[in-house]
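Take a look at the structure below.
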Number of protein chains: 2
Amino acid sequence: MQLEEGKEKFIQAWGTLGSSWGINRTMAQVHALLLISPEALSTEDVMQELNVSRGNANMNLRALIDWGLISKELKPGERREFFVAEKDMWKVAKQVIRERRKRELEPMLRILEELRQVEGAKGDKETEAFTEAITNLHELSLKADKTLNTMLRADEHWFLSSFMKLMR
Amino acid sequence: MQLEEGKEKFIQAWGTLGSSWGINRTMAQVHALLLISPEALSTEDVMQELNVSRGNANMNLRALIDWGLISKELKPGERREFFVAEKDMWKVAKQVIRERRKRELEPMLRILEELRQVEGAKGDKETEAFTEAITNLHELSLKADKTLNTMLRADEHWFLSSFMKLMR
DNA sequence: TAAAACTTTCAATAACTATTGAAAGTATAG
DNA sequence: CTATACTTTCAATAGTTATTGAAAGTTTTA
């Protein structure tokens, strides 16, 4: 397979994967493009490579910075901004986990804690089923939270050796 | 807080969470409703509780069955179908992991394996950056796949005791 | 077999999300 | 200071995905 074909396939695949994770297609594609690019790219470069408008490119580059997946890079003697992606995939994965934990797991935990206080007659089936579901979900979420935290604190070496050894 | 208010908040929250995981809102809401329901519910019940049309209720109930998150239940002397959700949250989590692995990770692995064969001049920066990104991503994906597999094979006891102990 | 009770389908449409591109904003260079 | 090179915003619009509801399909009952 030739490089151009491979690039296109990868950008396409990464975009599709993004969609099923609630990440907009263009954002995932910009990320893919930067992941495989040896040089930092300008907004203009992104617009050209992906055939998107200036506004779209700009908005998704900013969103990626917001997620901590890419960063601005200034080239001496250049006025425009260039962008590079973090290339270490384990760091990328950790960053995504960190952000989603903050954006989704933490708010959900707060809601579940609130919902544990639903009151109702002691023998009421409805209330009991509700309370039990919430309690179980809360426990699982807490465990997931702790596990993720530990993973995030671990360095790559730990993940690759100890954890993987345990996992076979 | 009263039961009705709690139910609504939970259904709403679960729906929102679903959206950010690429799951359609109604599907997540139907799931939430069944999770907290002590009895099996009919299509009609779902339509009423969530204010959605028959077609919508039917389609999302089928999708949930497809995901293995709910099942049909037949009541003696009743002609309609009723639906119950799996209530054990660890089983639910495992099932979601299993399905997403099948639907997303496996196809991605296949694409990455294909993309590792991109050819190019040996000193070409573009090709080298591409190959390296693909190789790293492939390695990480393989590791994730193995880890998930091991988790899925493990029973709850293992997860809750050994693994959680390790994780503190 | 026919009517009733229920489920499924699907074309039309509504609702939502992403994208464009021109205009406004900002920073740098001369 | 002001012209230029760039970035950001945002209202309009395109594109996508979800929802409706009536019609078709299926199974059960009598």
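Each chain gets a letter, A, B and so on, in the order the sequences are listed, and its residues count up from 1. These numbers come from a predicted model, not from an experiment.
Both tests hold for B/R103 against B/W67: distance to the six-membered ring centre under 6.0 Å, angle to the ring axis within 45°. The cationic atom of A/R25 (NZ for Lys, CZ for Arg) does not lie both less than 6.0 Å from the six-membered ring centre of A/W14 and within 45° of the ring axis.
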Write out a two-atom table: protein N or O, nucleotide N or O from nucleotides 8-11 of chain C, distance below 3.5 Å.
unit_1 : atom_1 : unit_2 : atom_2 : d
C/dT8  : OP2    : B/N58  : ND2    : 2.4
C/dT9  : OP2    : B/R62  : NH1    : 3.1
C/dT9  : OP2    : B/R62  : NH2    : 3.4

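Between A/K125 and B/E39 there is a salt bridge, with a side-chain nitrogen of the basic residue lying less than 4.0 Å from a carboxylate oxygen of the acidic one. We find that B/E4 and B/K7 are joined by a salt bridge, their nearest charged nitrogen and carboxylate oxygen being less than 4.0 Å apart. Taking the charged nitrogens against the carboxylate oxygens, B/E106 and B/R101 do have a contact shorter than 4.0 Å, which makes a salt bridge. Contact check on A/D145 versus A/R98 returns no salt bridge, with no Lys/Arg side-chain nitrogen under 4.0 Å from an Asp/Glu carboxylate oxygen. B/E114 and A/K9 are joined by a salt bridge, as a carboxylate oxygen and a charged side-chain nitrogen come within less than 4.0 angstrom of each other.
Against DNA chain D, the stretch residues 16-32 of chain A makes no heavy-atom approach under 4.0 Å.
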Steps toward salt bridge (Lys or Arg N to Asp or Glu O under 4.0 Å) verdict (A/E44, A/R54): CA-CA 7 Å; A/E44 207 79 33; A/R54 183 172 300 283; 3.1 Å; yes

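Residue A/R80 contributes atom CZ, which lies 14 Å from atom P of C/dA29 at whole-angstrom precision. Atoms CG (A/L61) and P (C/dA18) sit 16 Å apart, rounded to a whole Å. B/F82 has its CZ atom 13 Å from the C1' atom of C/dA5, to the nearest Å. One can place CZ of A/R79 at 15 Å from P of D/dA3, the figure rounded to the nearest angstrom.
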